[in-house]
K.L.:
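Take a look at this one; I'll ask things after.
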Amino acid sequence: MKKEDSFHQRAIRAIKKIPRGKIATYGLIAAAAGSPRAARQVVRILHSSSDKYNLPWHRVINRDGKISLPPARGYELQKALLEDEGIVFSADDKIDFDHFLWSP
DNA sequence: CTCGTGACTCCCG
DNA sequence: TCGGGAGCCACGA
């Protein structure tokens, strides 16, 4: 398809493919981009290019099905956005992967 | 140019 | 069972 095989591009593409009402994990995005252990890079990309590339950063959470953001970082905002898309949180603020995890 | 950091994840002891 | 260390890549100073 495209020649640009940079992790950056692939990760962004993968993130943009996440459908509304679903969520993905950092590791999942990283794996989809070519490096299952490059979750940190996904984080960095979200920080640097979420607004720039219009990425649904709120649909990206950690492997526990929980939001990794500290409350001071926008945790509440992310939770609100997810709930607005129909995502349901458990009592532990966890998301049910069986229903909401996006699969590439 | 080099160095440090980061909303993570996996493996090993 | 739980804790610590290593790995991945990009970006800012």
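Lettering follows sequence order; numbering is per chain, from 1.
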K.L.:
Mind running a 4.0 Å heavy-atom check of residues 33-43 of chain A against DNA chain C and sending the residues that fall below it, in number order?
P.N.:
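Output list: A:Ser35, A:Arg37, A:Arg40, A:Gln41.
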
K.L.:
What is the separation between atom CD1 on A:Ile29 and atom P on B:dT9, rounded to the nearest whole Å?
P.N.:
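Rounded to whole Å, this separation is 11 Å.
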
K.L.:
Could you tell me from which nucleotide to which nucleotide of DNA chain C, 5' to 3', there is an atom under 4.0 Å from chain A heavy atoms?
P.N.:
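With heavy atoms of chain A under 4.0 Å away, the range is C:dG7 to C:dC11.
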
K.L.:
Is a side-chain donor or acceptor of A:Asp96 paired with a backbone partner of A:Asp98 at a separation under 3.5 angstrom?
P.N.:
yes

K.L.:
Could you report the tightest heavy-atom contact between A:Tyr26 and A:Ser68, atom names first, then the distance?
P.N.:
CE1-OG, 3.7 Å

K.L.:
Among residues 83-99 of chain A, which ones have heavy-atom contacts with DNA chain C below 4.0 Å?
P.N.:
none

K.L.:
Which residues in residues 45-74 of chain A have at least one heavy atom lying under 4.0 Å from any atom of DNA chain C?
P.N.:
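Going residue by residue through residues 45-74 of chain A, the ones with a heavy atom under 4.0 Å of DNA chain C turn out to be A:Ser48.
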
K.L.:
Does A:Val60 offer a backbone N or O that forms a donor-acceptor pair with the side chain of A:Gln78 under 3.5 Å?
P.N.:
yes

K.L.:
Tell me whether the side-chain N or O atoms of A:Tyr26 pair up with the base of B:dA7 as donor and acceptor below 3.5 Å, since no angle test is needed here.
P.N.:
yes

K.L.:
Would you find a donor on one side and an acceptor on the other, under 3.5 Å apart, between the side chain of A:Arg10 and the backbone of A:Gly34?
P.N.:
no

K.L.:
How long is the straight-line distance from CD1 of A:Ile45 back to CD of A:Gln9, given to the nearest 0.5 Å?
P.N.:
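The CD atom of A:Gln9 sits 9.0 Å away from the CD1 atom of A:Ile45.
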
K.L.:
To the nearest 0.5 Å, what is the distance between CD1 (A:Ile12) and OH (A:Tyr53)?
P.N.:
4.5 Å

K.L.:
Going by the rule salt bridge (Lys or Arg N to Asp or Glu O under 4.0 Å), which residues pair with A:Arg40 if we only count those two or more places apart in sequence or in a different chain?
P.N.:
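Result, salt bridge (Lys or Arg N to Asp or Glu O under 4.0 Å) vs A:Arg40: none returned.
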
K.L.:
Is any side-chain heavy atom of A:Gln41 less than 4.5 Å from a side-chain heavy atom of A:His8?
P.N.:
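No - every pair of side-chain heavy atoms lies 4.5 Å or more apart.
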
K.L.:
Is there a donor-acceptor pair under 3.5 Å between the side chain of A:Thr25 and the backbone N or O of A:Leu28?
P.N.:
yes

K.L.:
State, to 0.1 Å, how close A:Lys16 and A:Leu55 come at their nearest heavy-atom pair, and which atoms those are.
P.N.:
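Shortest heavy-atom separation between A:Lys16 and A:Leu55 comes out as CG-CD2, 3.3 Å.
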
K.L.:
Working to the nearest 0.5 Å, report the span between CZ of A:Arg73 and CD1 of A:Ile67.
P.N.:
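Answer for the CZ-CD1 pair, A:Arg73 versus A:Ile67, is 14.5 Å.
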
K.L.:
Heavy-atom distance under 4.5 Å between the side chains of A:Trp57 and A:Ile15, does that happen here?
P.N.:
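Side chain of A:Trp57 against side chain of A:Ile15, heavy atoms only: no contact under 4.5 Å found.
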
K.L.:
Taking only residues two or more places apart in sequence, or in another chain, which ones meet A:Asp64 in a salt bridge (Lys or Arg N to Asp or Glu O under 4.0 Å)?
P.N.:
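Salt bridge (Lys or Arg N to Asp or Glu O under 4.0 Å) list for A:Asp64, sorted by chain: empty.
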
